[in-house]
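Notes follow once the structure below has been shown.
Order of the sequence lines sets the chain letters (A, B, ...), proteins ahead of strands, with each chain counted from 1.
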Number of protein chains: 2
Amino acid sequence: MSATSAEPEEQVGLRERKKARMRESLMESALRLFHENGYQRTTTEEIAACAGVSQRTFFRYFGSKEDVVLEAVEDVDEHLFASLADRPADEPPFTALRNAMVDHWEYLRRGPLHLKGSAMGMVADSPELIEVNMRYCHRRQHRLARAVGERTGVDPATDPRPGVLAAVFLSALATGHQAWCASGSHDKERLLGAFLDRLDLVPEVVEGPWSPPVPSPG
Amino acid sequence: MSATSAEPEEQVGLRERKKARMRESLMESALRLFHENGYQRTTTEEIAACAGVSQRTFFRYFGSKEDVVLEAVEDVDEHLFASLADRPADEPPFTALRNAMVDHWEYLRRGPLHLKGSAMGMVADSPELIEVNMRYCHRRQHRLARAVGERTGVDPATDPRPGVLAAVFLSALATGHQAWCASGSHDKERLLGAFLDRLDLVPEVVEGPWSPPVPSPG
DNA sequence: TGTGTTTTGTCAGCCGCTGACGTAATATTC
DNA sequence: GAATATTACGTCAGCGGCTGACAAAACACA
């Protein structure tokens, strides 16, 4: 084909450009098909065909079908980490994480991540993807621990605190996510509310005895 | 309908007995092969052959290869829940969980669960199984939340606290488990130590600012 | 333009997993 | 003890995820 007229300004070369575009194309095809037909009912051959390549090529770009979802989630996480770095330095780690989540949500609300931004919502729609998401939570946790470590000046390799904080934070999020799924709601704002409810509960839940069983009206 | 109460005895019948034995046989074959050759390199056909049945029969007893590991872990969890119920009623929930873990370990130390008891250690040996374990952590979390709910008289369906506590507890355990794997240690006692270290860190990590970065020697 | 490297499609194949169907083992009834 | 219905099992065929190997096409560099 042509394309020889386009002069790449950067040193990255035409090849890597194509690779990046192919990767984006495959991910977009996959996420769209997942959204339309469901994760389970979408085959890797369909994804490849939708992107105009062979199945083998799909597996050269993504290690597995699950990896597509994972990478979308990780791209979204990336911005959460940026939000964390932007929080004032005097905020305690856990508080900073909570507030970064609020900032992050405000960013997602403006929708610059289009399909990827809805990846988490997509996960909610199909129980299979919840497990897929779970499967990778230790990868997310490692990345978050690193971000927490950078913020606090603590090395996650020698100090267990960043890892513990990351794990606790993500597990509380997961609980909120599950409750949101169970409620059948599709309102993204309610999802943030569920997140914050659980996060705010963590200190009280691990500290001392609990207040009376059910303070709700009966 | 037929009169199934021909025999009022609690005799479950030969058939169900055989089913139970077959199930045990398959699980034992699987766990032993996993232990010897690794999870990945053990095929479901080998498991079936080891138990003297066809592959199809294996899949009639277990929904997936992963399920075998999951059920082993759940069997072990079962006793953790019992230990939790035995803790004094005046212990706060998180403390009770922590201490139940210690009791539970003492039980495992006596080795009545033989192969199943080593399932968690097996998980440590193969990175693939860590992901398998992760995949099911929300199932474990639900069961633990129920146990916590029973102990505290709180309904997990309406009060989010049991779910949050269960999630935080298990995620802290997972962190300890990962650290233990990373250290390359195969000493089970060190694993318990890693668990307790992380659990004891949780309150301090979510509460306020952190103490100086790294108090350890350089 | 020609040469060496990277990327792709095709093919073959393993493995996890499932539906369908016939058969053997078990339980029930006479 | 024979006839019956019920249940478990083996065999077979097949799908979908995933991988190695090889040849052809696309690209980079000179």
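One end of the helix from C:dT1-D:dA30 to C:dC30-D:dG1 points its axis 10° away from the other end's axis, with each axis taken from 5 pairs and the angle rounded to 10°.
In this structure, A:R17 places its CZ atom 17 Å from C1' of D:dA28, rounding to the nearest Å. For B:Q40 and D:dC18, the CD to C1' distance is 11 Å, given to the nearest whole Å. Between the CG atom of A:L33 and the P atom of D:dG16 there is a distance of 14 Å, given to the nearest Å. Rounded to an integer number of Å, the gap from CZ of B:R60 to C1' of C:dA24 is 13 Å. To the nearest angstrom, P of C:dG16 lies 7 Å from CD of B:Q55. Counting to the nearest Å, the P atom of D:dG10 and the CZ atom of B:F58 are 13 Å from each other. Rounded to whole angstrom, the span from the CZ atom of B:R56 across to the P atom of C:dA20 amounts to 10 Å. Put simply, CZ on A:F59 is 18 Å from P on D:dA21, counting in whole angstrom units.
Listed by chain and residue number, nothing satisfies the side-chain hydrogen bond (donor to acceptor under 3.5 Å, both in side chains) test with B:S183 (two or more places apart in sequence, or in another chain). Under the rule for a side-chain hydrogen bond (donor to acceptor under 3.5 Å, both in side chains), the partners of A:E78 that lie at least two apart in sequence or sit in another chain are A:R143. Residues that satisfy the side-chain hydrogen bond (donor to acceptor under 3.5 Å, both in side chains) test with A:T57, not counting sequence neighbours, are A:S54. Evaluation of the salt bridge (charged side-chain N to carboxylate O under 4.0 Å, His left out) rule for A:E150 yields no partner, not counting sequence neighbours. Applying the salt bridge (charged side-chain N to carboxylate O under 4.0 Å, His left out) criterion to B:R56, with sequence neighbours excluded, gives no partner residue. Not counting sequence neighbours, the partners of B:A30 by the side-chain contact (heavy atoms from CB on, under 4.5 Å) test are B:F34, B:I47, B:V68. Not counting sequence neighbours, B:R190 has no partner by the salt bridge (charged side-chain N to carboxylate O under 4.0 Å, His left out) test. Taking the salt bridge (charged side-chain N to carboxylate O under 4.0 Å, His left out) definition, one finds that B:R98 meets it with B:D200, sequence neighbours left out.
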Please walk me through it: do A:E106 and A:R109 pass salt bridge (Lys or Arg N to Asp or Glu O under 4.0 Å)? CA-CA 5 Å; A:E106 176 62 31; A:R109 201 174 283 128; 2.4 Å; yes
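Using bins of under 30°, 30° to 60° and over 60° for the plane-to-plane angle, the ring pair A:W180/A:H186 lands in the tilted bin.
Of all the residues in residues 63-71 of chain B, not one reaches under 4.0 Å from DNA chain D with any non-hydrogen atom. Within residues 18-26 of chain B, the residues that have a heavy atom under 4.0 Å from DNA chain C are, in order of number, B:K18. Listed by residue number, A:T43, A:T44 are the residues of residues 43-50 of chain A with a heavy-atom contact under 4.0 Å to DNA chain D.
The shortest heavy-atom contact between B:R32 and B:C50 is NH2-SG, 3.6 Å.
Residues A:F195 and A:W105 bring their aromatic ring centres within 6.0 Å.
The side chain of B:Y61 contributes no N or O atom lying less than 4.0 Å from OP1 or OP2 of D:dA8.
Panel note: side chain B:T175, backbone B:S171; a donor-acceptor pair is recorded below 3.5 Å.
Annotation: cation-pi pair A:R23/A:F62 present, NZ/CZ under 6.0 Å from the ring centroid and within 45° of its normal.
Side-chain to base pairing of B:R15 with D:dT6: one donor and one acceptor N or O lie within less than 3.5 Å of each other. You won't find any donor-acceptor pair under 3.5 Å spanning the side chain of A:R41 and the base of D:dG16, going by distance alone.
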